[in-house]
Amino acid sequence: MSLFKKMDISDNEAKASNQDTASEHVKCLIIGSGPAGYTAAIYAARANLSPVMYQGIQPGGQLTTTTEVENFPGYHEGTTGTELMEDLQKQAVRFGTDSRWGIATKVDFSSHPHKVWIDDKTLIEADSVIIATGATAKYLGMESEEKYKGSGVSACATCDGFFYRGKDVAVVGGGDTAAEEALYLGSLCKKVYLIVRKPFLRASKIMQERVEKAANIEVLFEHNTKEIYGDGVVEGAKLIKRKGESDETEVEIKIDGFFLAIGHTPNSDVFKPFIDTNEAGYISTKGASTHTNIEGVFACGDVMDSTYRQAVTAAGTGCKAAIDAERWLGARNS
Ligand code: NDP
């Protein structure tokens, strides 16, 4: 189903894609449509940059895969991820953002204007480019994981942990994210199982110590998840202890929530021939700005932020990217 249908926005309002031509010149091209992309669009549109946005693989971004959102300022009674994105999109379109379907499949940032190909056919030549392509949470790849997404399976404890207050949950992973999410959930939940596939945690020493000290976190070393089960919602998980060893055993835990914390993949591959990233693929930006190593190309949101990864922080960097683009264009033209 298309996101516009899901979001109940008409194709007219979205000014969707029929206007594509073989080649087009724009002042400000925004790639990606999560909170970062839409906020960049709101600011760029209000600054008369006539932004053109291509929505990408997952229109609306990661938030559209979550249910309730209670920590985005302004929604005092909470909202859903889809409604929040719908509101952001309406606000961006209201000020003149040209929001289109399409995925950036190739770029050439070697000369100005920058070139971006959409769906391998439409060439956009852009004076400035704002990359807001986000990151994708890694999942284990189990069928049951898909089945319970939004009904007990989540990849964001900060977003969804609140709904499991006083309940038992599990976190998968042994890195800093998993330790952090387990500690966060430990402050809300009755019990947290930390499911670690190795006999040790990869997390930093200080995080390991905090996990060890938490009375309600039980670390299950050398455990892999076989499946999640439940009647409509998550009720438990079947784990394999010491998989492949002679003493391999099946273990069952009763849980209400199953949190993935096995890493994120920033959606930066298409830009890598030109744009500097760190080892994990997150786009490097200069100081506190959103400037990348290429003049006139800016990055915001989860594709450049491995630390906070919140809708509101992504929106904040989206605002910064639009202001950086506006100032950069202004200085160039003056
Ligand atoms: P990491 O890549 O560091 O850790 C991923 C964890 O998930 C590892 O324990 C890995 O196991 C496990 N894992 C991966 N795939 C599977 C699988 N299929 N089944 C079971 N377990 C799996 O990712 P993080 O998101 O934790 O951290 C990313 C970076 O961000 C790191 O550099 C981290 O230090 C940093 N970070 C820093 C924070 C801070 O300073 N406050 C907070 C969060 C992250 P294995 O060890 O066996 O490979």
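Each ligand, and each atom within it, is numbered from 1 in the order the structure gives.
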Visitor: Give me the atom names and distance for the closest heavy-atom approach of Tyr148 to Ile228.
Guide: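 Where Tyr148 meets Ile228 most closely, the heavy atoms are CE1-O, 3.7 Å.
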Visitor: Atom 41 (N) of ligand 1: which protein heavy atom is closest, and how many Å away?
Guide: Glu180 OE2, 2.9 Å
Visitor: Can you tell me the protein heavy atom closest to atom 4 (O) of ligand 1 and the distance?
Guide: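 Residue, atom and distance for the closest contact: Gly175 CA, 3.8 Å.
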Visitor: In terms of residue, atom name and distance, what is the protein heavy atom nearest to atom 23 (O) of ligand 1?
Guide: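 Among all protein heavy atoms, the one nearest atom 23 (O) of ligand 1 is Gly263 CA, 4.0 Å.
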Visitor: Using side chain to side chain contact (heavy atoms under 4.5 Å, CB included) as the criterion, point out the one residue from Ile255, Val211, Leu185 that pairs with Val192.
Guide: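 The option that passes is Leu185.
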Visitor: Could you tell me if the side chain of Glu326 sits less than 4.5 Å from the side chain of Tyr43, heavy atoms only?
Guide: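 No, too far: nothing below the 4.5 Å cut-off.
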Visitor: Which of the numbered atoms in ligand 1 are under 4.0 angstrom from any heavy atom belonging to Lys198?
Guide: 45 (P), 46 (O), 47 (O), 48 (O)
Visitor: Write out the residue and atom name of the closest protein heavy atom to atom 48 (O) of ligand 1, then the distance separating them to 0.1 Å.
Guide: Arg202 NH2, 2.5 Å
Visitor: Taking Cys159's backbone N and O only, do any of them form a donor-acceptor pair with Asn71's side chain (distance below 3.5 Å, no angle check)?
Guide: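 No; judged by distance alone, with no hydrogens or angles, the pair does not exist.
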Visitor: Would you say atom 30 (O) of ligand 1 has a protein heavy atom nearer than 4.0 Å?
Guide: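 So far as the 4.0 Å threshold goes, atom 30 (O) of ligand 1 is out of reach of every protein heavy atom.
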Visitor: Is any heavy atom of the protein nearer than 4.0 Å to atom 46 (O) of ligand 1?
Guide: yes
Visitor: What protein heavy atom lies closest to atom 7 (O) of ligand 1? Include the residue and the distance to one decimal.
Guide: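 Looking only at protein heavy atoms, the one closest to atom 7 (O) of ligand 1 is Ile262 CA, 3.4 Å.
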Visitor: To which of Leu140, Thr177, Val196 does the heavy atom nearest atom 24 (P) of ligand 1 belong?
Guide: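 Residue with the shortest heavy-atom distance to the ligand atom: Thr177.
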Visitor: Using distance alone, with no hydrogens and no angle criterion, decide if Asn267 and Thr136 have a side-chain donor and acceptor under 3.5 Å apart.
Guide: yes
Visitor: Quick one: hydrophobic cluster around Tyr229, which other residues, with the 4.5 Å side-chain cut-off, linked directly or via members?
Guide: none
Visitor: Please tell me if the side chains of Leu220 and Val251 come closer than 4.5 Å, counting only heavy atoms from C-beta onward.
Guide: no
Visitor: Counting non-hydrogen protein atoms only, what is the nearest one to atom 33 (C) of ligand 1? Give residue, atom name and distance.
Guide: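 The protein heavy atom lying closest is Asp176 OD2, 3.5 Å.
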Visitor: Between side-chain atoms of residues 284-302 and protein atoms elsewhere (two or more places apart, or another chain), which donor-acceptor pairs fall under 3.5 Å?
Guide:
| residue | atom | partner | partner atom | Å |
| --- | --- | --- | --- | --- |
| Ser289 | OG | Lys286 | O | 2.6 |
| Ser289 | OG | His291 | N | 3.1 |
| Thr290 | OG1 | Asp324 | OD2 | 2.6 |
| Thr292 | OG1 | Ile294 | N | 3.2 |
| Thr292 | OG1 | Ile294 | O | 3.2 |
| Thr292 | OG1 | Val297 | O | 2.8 |
| Asn293 | OD1 | Asp276 | N | 2.9 |
| Asn293 | ND2 | Phe274 | O | 3.0 |
| Glu295 | OE1 | Trp328 | NE1 | 3.0 |
| Asp302 | OD2 | Gln62 | NE2 | 3.1 |

Visitor: Do the non-hydrogen side-chain atoms of Ile124 and Arg100 ever get within less than 4.5 Å of each other?
Guide: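 Yes, their side chains come closer than 4.5 Å.
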Visitor: Less than 4.0 Å from atom 43 (C) of ligand 1, is there any heavy atom belonging to the protein?
Guide: yes
Visitor: Look at atom 11 (O) of ligand 1 and say which protein heavy atom is nearest, naming residue and atom and giving the distance to 0.1 Å.
Guide: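 Residue, atom and distance for the closest contact: Arg197 NE, 3.3 Å.
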Visitor: Return a yes/no value: protein heavy atom under 4.0 Å from atom 21 (N) of ligand 1?
Guide: yes
Visitor: What protein heavy atom is closest to atom 9 (O) of ligand 1, reported as residue, atom name and distance in Å?
Guide: Gly174 N, 2.9 Å
